[in-house]
Visitor: 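One structure coming up, written as structure tokens, with questions to follow.
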Number of protein chains: 2
Amino acid sequence: MDAVNKMEVLKSYLETKGLKSTAQRDYIADTFFKSNTHISLDELLKKVKRKTPNIGYATVYRTMKLLTECGLAIARQFGDGQTRYENLPQGGHHDHIICIKCSKIAEFHNQKIEQLQMEAAKKLGFTVVNHKLELYGYCSECS
Amino acid sequence: MDAVNKMEVLKSYLETKGLKSTAQRDYIADTFFKSNTHISLDELLKKVKRKTPNIGYATVYRTMKLLTECGLAIARQFGDGQTRYENLPQGGHHDHIICIKCSKIAEFHNQKIEQLQMEAAKKLGFTVVNHKLELYGYCSECS
DNA sequence: ATTGAAAATGAAAGTTAATATCATTTAGCC
DNA sequence: GGCTAAATGATATTAACTTTCATTTTCAAT
């Protein structure tokens, strides 16, 4: 799903909820959808303010809350005390590795790990539908 | 590793760091080691205050920071805005698989998965010191 | 056992991020 | 265009975490 499609999903979500659409919210959402990192509210606000300096923190906060609510964003906490919002990746699911010193986040995907997960779950009688895998360590610059 | 062993690990950690041992810290640590849930600072403070009402929040905070530092506790955030501390389970590290219908939690451990994690991290220049793996799905009774 | 330096404590203050409030503005239906 | 509900932006509040500081305690060296 690309940014344009996501905007459409958002639009129809607003309609079903009887909410109004505004230039600010659209711009915040669009900026978020075009970002490819795990972005915090402050970072997103800064980005948005470049073109629209009068947008307030509260509006960014409320927009991200809305996007999280309708599944277009995922709120994540990596332990540095800040909530980061994950834009649903184009290539589907991925896992994270987080530097415990500088908080840098890298992404990876390993099919074999996922297969082993399924097998481990099966042994316990479970059927996996989703998972969360986070590695914590030191990045090349901090080790 | 049981509570007694953990106290010993803590003690030797304090020694190597040149830190002093105190009744308060020992009691907080012991209380934590004997807990089996993911406990928050407030909860732990409350527990500790039952027998030692004059212990302060800051001391609990500092003790848990210390335990996290030396690997005897793991700080986790489940998205409710509170940090919870996980007591290292007796059987060593394990991962969780959670039933999304009945919330049953099973535990498993797979050495091969951990190895693949290390490898994936290495490719990205990271050194792993810790990880978090949670599978979500249906247990045998709910599937 | 006494002493002195370094660390620990507890209370309180400071910090940070998240959330709520409120007066004003805006969207969208009539 | 006018009306009503929602949105906005600034600010205030809250909650959790972290630091500060005066006092107390530990422990190693007498």
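We name chains A, B, ... by the order of the sequence lines, and we start the count at 1 in each one.
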Visitor: Check B:Ser21 against B:Leu14 and note the closest heavy-atom contact, atom names and distance.
Guide: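 Scanning both residues completely, I find the closest heavy atoms to be CB-CD1, 4.2 Å.
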Visitor: Between B:Val129 and B:Leu66, is there shared hydrophobic-cluster membership here, with clusters defined by ILVMFWY side-chain heavy atoms closer than 4.5 Å?
Guide: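 Different clusters.
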Visitor: Kindly compute the distance separating OH (B:Tyr85) from NZ (B:Lys65), expressed to the nearest 0.5 Å.
Guide: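 One gets 9.5 Å once the value is rounded to the nearest 0.5 Å.
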Visitor: Hydrophobic clusters here meaning ILVMFWY residues chained together by side-chain heavy-atom distances under 4.5 Å, can you tell me if A:Ile74 and A:Ile105 are in one?
Guide: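 As far as the 4.5 Å side-chain criterion goes, A:Ile105 and A:Ile74 are not connected within one cluster.
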Visitor: Do B:Asp42 and B:Lys46 make a side-chain contact, defined as non-hydrogen atoms from C-beta onward lying under 4.5 Å apart?
Guide: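 With C-beta onward as the side chain, the pair stays apart.
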Visitor: Could you pick out which residue, B:Leu19 or B:Gln82, lies toward the 5' side of DNA chain D when each is mapped onto its nearest nucleotide?
Guide: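 First, find each residue's nearest nucleotide; the 5'-ward one identifies B:Gln82.
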Visitor: Under a 4.5 Å cut-off applied to non-hydrogen side-chain atoms, are B:Phe32 and B:Val60 in contact?
Guide: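 B:Phe32 vs B:Val60: side chains apart.
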Visitor: For residues 20-27 of chain A, which residues have at least one heavy atom under 4.0 Å from DNA chain D?
Guide: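 Close to the strand are A:Lys20, A:Thr22, A:Gln24, A:Arg25.
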Visitor: Need two values: the first and the last nucleotide of DNA chain C, 5' to 3', having an atom under 4.0 Å from any heavy-atom of chain A.
Guide: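 From 5' to 3', the first and last contacting nucleotides are C:dA17 to C:dG28.
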Visitor: Kindly say whether A:Ser35 contributes a backbone atom to a donor-acceptor pair with the side chain of A:Asn87 at under 3.5 angstrom?
Guide: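 Between the backbone of A:Ser35 and the side chain of A:Asn87 there is a qualifying donor-acceptor contact (under 3.5 Å).
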Visitor: Determine to 10° how strongly the helix from C:dA1-D:dT30 to C:dC30-D:dG1 is bent, judged from the axes of its five-pair ends.
Guide: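 The end axes of the helix from C:dA1-D:dT30 to C:dC30-D:dG1 are about 30° apart, to the nearest 10°.
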Visitor: In residues 56-67 of chain B, which ones come under 4.0 Å of DNA chain C, going by heavy atoms?
Guide: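 DNA chain C contact set from residues 56-67 of chain B: B:Gly56, B:Ala58, B:Thr59, B:Arg62.
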Visitor: Between CG of A:Leu44 and OH of A:Tyr57, what distance do you get to the nearest 0.5 Å?
Guide: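 The distance works out to 10.5 Å.
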Visitor: Any donor-acceptor pair under 3.5 Å linking the side chain of A:Arg25 with the backbone of A:Lys20?
Guide: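 Flag set: sc A:Arg25 to bb A:Lys20 pair under 3.5 Å.
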Visitor: Where does the chain A footprint on DNA chain D start and end, counting 5' to 3' with a 4.0 Å heavy-atom cut-off?
Guide: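 Nucleotide range in contact with chain A: D:dA5 to D:dA10.
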Visitor: Measuring only between side-chain heavy atoms, which start at C-beta, is A:Leu67 closer than 4.5 Å to A:Leu10?
Guide: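 When only atoms from C-beta onward are counted, A:Leu10 and A:Leu67 do touch, with a gap below 4.5 Å.
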Visitor: Assign the ring pair A:His96 / A:His94 to parallel, tilted or perpendicular, where the plane angle (0 to 90°) is split at 30° and 60°.
Guide: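 A:His96 vs A:His94 ring planes: perpendicular.
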Visitor: In the hydrophobic cluster built from side-chain contacts under 4.5 Å, what are the other members alongside B:Val128?
Guide: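 B:Val128 clusters with A:Ile97, A:Phe108, A:Ile113, A:Leu116, A:Met118, A:Leu124, A:Phe126, A:Val128, A:Leu133, A:Leu135, B:Ile97, B:Phe108, B:Ile113, B:Leu116, B:Met118, B:Leu124, B:Phe126, B:Leu133, B:Leu135.
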Visitor: Do B:Lys47 side-chain atoms and B:Ile39 backbone N/O form a donor-acceptor pair below 3.5 Å?
Guide: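 Side chain of B:Lys47 to backbone of B:Ile39: no pair is present.
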Visitor: If you take all heavy atoms of A:Arg84 and A:His38, which pair is closest and at what distance?
Guide: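 For A:Arg84 and A:His38, the tightest heavy-atom pair comes out as NH1-O, 3.3 Å.
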Visitor: Can you see which heavy atom on A:Cys139 is nearest to which on A:Cys99, and at what distance?
Guide: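 Here A:Cys139 and A:Cys99 meet closest at N-SG, 3.5 Å.
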